[in-house]
Amino acid sequence: MSKITSRLLNWYQENKRTLPWRDHPDPYAVWVSEIMLQQTRVDTIIGYFQRWMEKFPSIEDLAAADEQDVLNLWEGLGYYSRARNLHKAAKLLLAEYGAQLPEDTKTLMKLPGIGRYTAAAVSSMAFGHDAAALDGNIRRVYARVFNVEEPLGTKDAENILWALAEDILPKGEAGDYNQALMDLGSAICTPRSPSCEKCPIKQDCEAYQLDIQEMRPVRKTKKAVPHHIHAGAVIVDEGKVLLAQRPQKGLLGGMWEFPNGRVEENPVKELASLIWEGYQVKIKVGNPIGEIDHAYTHFKVTEHVFLCELIQLSQKENLRWANLKELDDYPMGKIDREIAKRLQTSALSN
DNA sequence: CAAGCGTGGGC
DNA sequence: TGCCCAAGCTT
């Protein structure tokens with residue numbers, strides 16, 4: 001075992017955080033936590049993880065769940081395909097794997113939502129196999145320790161970093177070692193202003209020795225995010241409000257929303273035809289309720305919301321009339337949950 | 001294989 | 001405030 005790995009493992013023993021899924025004998029819990037942690041911080045998922053394990057304690061429970069209940073529990077976490085994939089995979093495991101997670105990375109990667117990183121994480125942490133993991137933290141740590149100059153995400157950088165991960169991995173300690181690297185990355189070797197003085201491997205770190213740690217990893221330049229204008233319709237009829245379910249694929253797949261869409265310039269003028277074309281619903285546009293700003297990863301939105309009256313409804317597929325009190329039962333993205341809350345609040349004060 | 005996919009926090 | 005980023009995967 002190299003000096004680097006033994007220093008990291010020693011540091012981990014002294015500094016590892018106690019987390020709900022750590023030192024947990026249940027591979028299912030490790031799997032769920034790893035999916036939740038994809039592109040998501042530890043602090044964010046703690047509550048979600050505990051509610052999830054309470055409601056779906058096992059693969060069998062998850063496989064038997066309703067998709068809407070699964071999405072409701074996931075609401076607010078984002079990347080909702082993760083929840084749908086967990087659900088799909090649980091059904092698959094029950095049908096074809098005896099309700100047990102496979103232990104090897106190759107079989108794990110056949111499950112929806114499990115890629116190279118997550119397969120290695122589950123195999124090493126839940127089953128103790130020698131699987132090298134590479135996530136955002138580990139990429140950053142290795143890019144600094146070995147002064148990798150290829151921009152992150154390029155084929156060259158990926159080849160170099162995965163090869164490093166495989167080469168350095170200490171046999172028999174992969175689970176702790178992978179977690180040690182990730183804890184180091186989140187606590188010490190941070191993207192900006194890393195705490196190099198506290199780092200257990202600073203004497204091994206090429207970037208630190210050259211004092212260029214903040215120049216590593218090299219990043220590719222990013223594109224500007226567009227800003228779109230949306231118009232949304234709160235359509236009320238006989239005390240109920242009209243909701244639409246989004247398609248399974250794409251943005252907020254399977255979630256519910258107030259009928260809305262992108263407009264070019266004038267939300268008031270364009271809204272009625274927009275709703276008609278998008279949902280086959282004819283409306284009369286009334287008073288504005290408010291504006292909501294939201295930043296997605298790849299674009300920003302300002303949504304103008306209007307109270308509207310129903311004139312004609314030409315299809316019922318994917319549409320539903322909901323009581324204001326029942327809006328919490330419908331999984332929604334952030335914008336539509338905000339609209340729902342405003343409606344419930346104003347209805348309460350009336 | 002580049003683009004799409006959410007949201008919250010830090011600075 | 002605006003921007004960057006975060007335990008990635010899918011198509």
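Here is how names work: the chains are called A, B, and so on, in the same order as the sequence lines, proteins then strands, and each is numbered from 1.
Within the 4.0 Å cut-off from OP1 or OP2 of B:dT7, at least one side-chain nitrogen or oxygen of A:Y80 is found. Residue A:K223 has no polar side-chain atom (N or O) positioned under 4.0 Å from OP1 or OP2 of B:dA2. At the phosphate of B:dT7, OP1 or OP2 sits under 4.0 Å from a side-chain N or O atom of A:H294. At the phosphate of B:dG8, OP1 or OP2 sits under 4.0 Å from a side-chain N or O atom of A:K334. Within the 4.0 Å cut-off from OP1 or OP2 of C:dC4, not a single side-chain nitrogen or oxygen of A:R140 is found.
Note on A:G76: only backbone sugar-phosphate atoms sit closer than 4.0 angstrom, heavy atoms only; bases stay farther off. Nucleic acid contact class of A:L252 (heavy atoms, under 4.0 Å, all strands): sugar-phosphate only. No engagement by A:D293 is indicated, since no non-hydrogen atom pair under 4.0 Å with the nucleic acid exists. Residue-level contact check: A:A133 touches neither bases nor backbone, having no heavy atom under 4.0 Å from any strand. Across all strands, A:T40 comes closer than 4.0 Å to base atoms (heavy-atom distances). Across all strands, A:G185 comes closer than 4.0 Å to no nucleic acid atom at all (heavy-atom distances). Within the nucleic acid shown, A:I114 comes within 4.0 Å of sugar-phosphate atoms alone, with no base atom in reach, counting heavy atoms only. Using a 4.0 Å heavy-atom criterion, one finds that A:T118 contacts the sugar-phosphate atoms exclusively. Looking at heavy-atom distances under 4.0 Å, A:R219 makes contact with sugar-phosphate atoms alone, never a base. As judged by a 4.0 angstrom heavy-atom cut-off over every strand, A:K222 is placed among residues touching the sugar-phosphate backbone only. Using a 4.0 Å heavy-atom distance criterion, A:R84 is classed as making no nucleic acid contact.
Distance noted for atom P between B:dG10 and B:dG6: 23 Å (whole Å). Between the C1' atoms of B:dG8 and C:dT1, the separation comes to 16 Å (whole Å). Nucleotides C:dC5 and B:dC5, compared at atom C1', are 15 Å apart to the nearest Å. B:dC11 and C:dA7 have their C1' atoms separated by 22 Å, given to the nearest Å.
The separation between A:Y48 atom OH and C:dA7 atom C1' is 17 Å, rounded to whole Å. In this entry the distance linking CG of A:L181 with P of C:dA7 reads 12 Å, nearest Å. If you take CD1 of A:I45 and P of B:dG6, they are 17 Å apart, rounded to a whole angstrom. For A:L77 and B:dG8, the CG to P distance is 9 Å, given to the nearest whole Å. Between the C1' atom of C:dA7 and the OH atom of A:Y79 lies a distance of 13 Å, rounded to the nearest Å. Rounded to an integer number of Å, the gap from NE2 of A:H298 to C1' of C:dC5 is 13 Å. Summarising the geometry, the separation between CD on A:E214 and P on C:dC4 is reported as 15 Å, rounded to the nearest angstrom. Rounded to whole Å, the distance from NZ on A:K220 to C1' on B:dA2 is 8 Å.
Remark: A:R22 does not engage A:D176 in a salt bridge, criterion side-chain N to carboxylate O under 4.0 Å. A salt bridge does not link A:K55 with A:D61: every distance from a Lys NZ or Arg NE/NH1/NH2 to an Asp or Glu carboxylate oxygen is 4.0 Å or more. By the 4.0 Å N-to-carboxylate-O rule, A:K334 lies too far from A:E338 to be salt-bridged with it.
Nearest-nucleotide assignment on DNA chain C puts the 5′-proximal partner with A:R41, out of A:R41 and A:M109. In this structure, A:I335 and A:G153 both approach DNA chain B, and ranking their closest nucleotides by distance from the 5' end singles out A:G153. Mapping A:K155 and A:Q39 onto DNA chain B via the closest heavy atom, the residue that lands nearer the 5' end is A:K155. Sequence order on DNA chain C of the closest nucleotides to A:V42 and A:G113 puts A:V42 first from the 5' end.
For A:T44 against B:dG8, a side-chain-to-base donor-acceptor contact under 3.5 Å is absent.
Side chain to side chain, A:R140 and A:N137 meet the donor-acceptor criterion of an N or O pair below 3.5 Å.
Ring pair A:Y48/A:W74: centre-to-centre distance not below 6.0 Å.
The neighbour count for A:N323 CG, taken as heavy atoms of other residues, nucleotides or ligands under 6.0 Å away, is above 12.
Counting only heavy atoms from C-beta on, A:Y117 has its side chain closest to C:dA7 among B:dT7, C:dA7, C:dC3. With B:dT7, C:dA7, C:dC3 as the candidates, the nucleotide lying closest to the side chain of A:K300 is C:dC3. The side chain of A:Q38 lies closest to C:dG8 when the candidates are C:dG8, C:dA7, B:dG6.
With values rounded to the nearest 0.5 angstrom, A:L73 atom CG is found 5.5 Å from A:F56 atom CZ.
Across A:H227 and A:V301, no two heavy atoms sit closer than the pair NE2-C, 3.9 Å.
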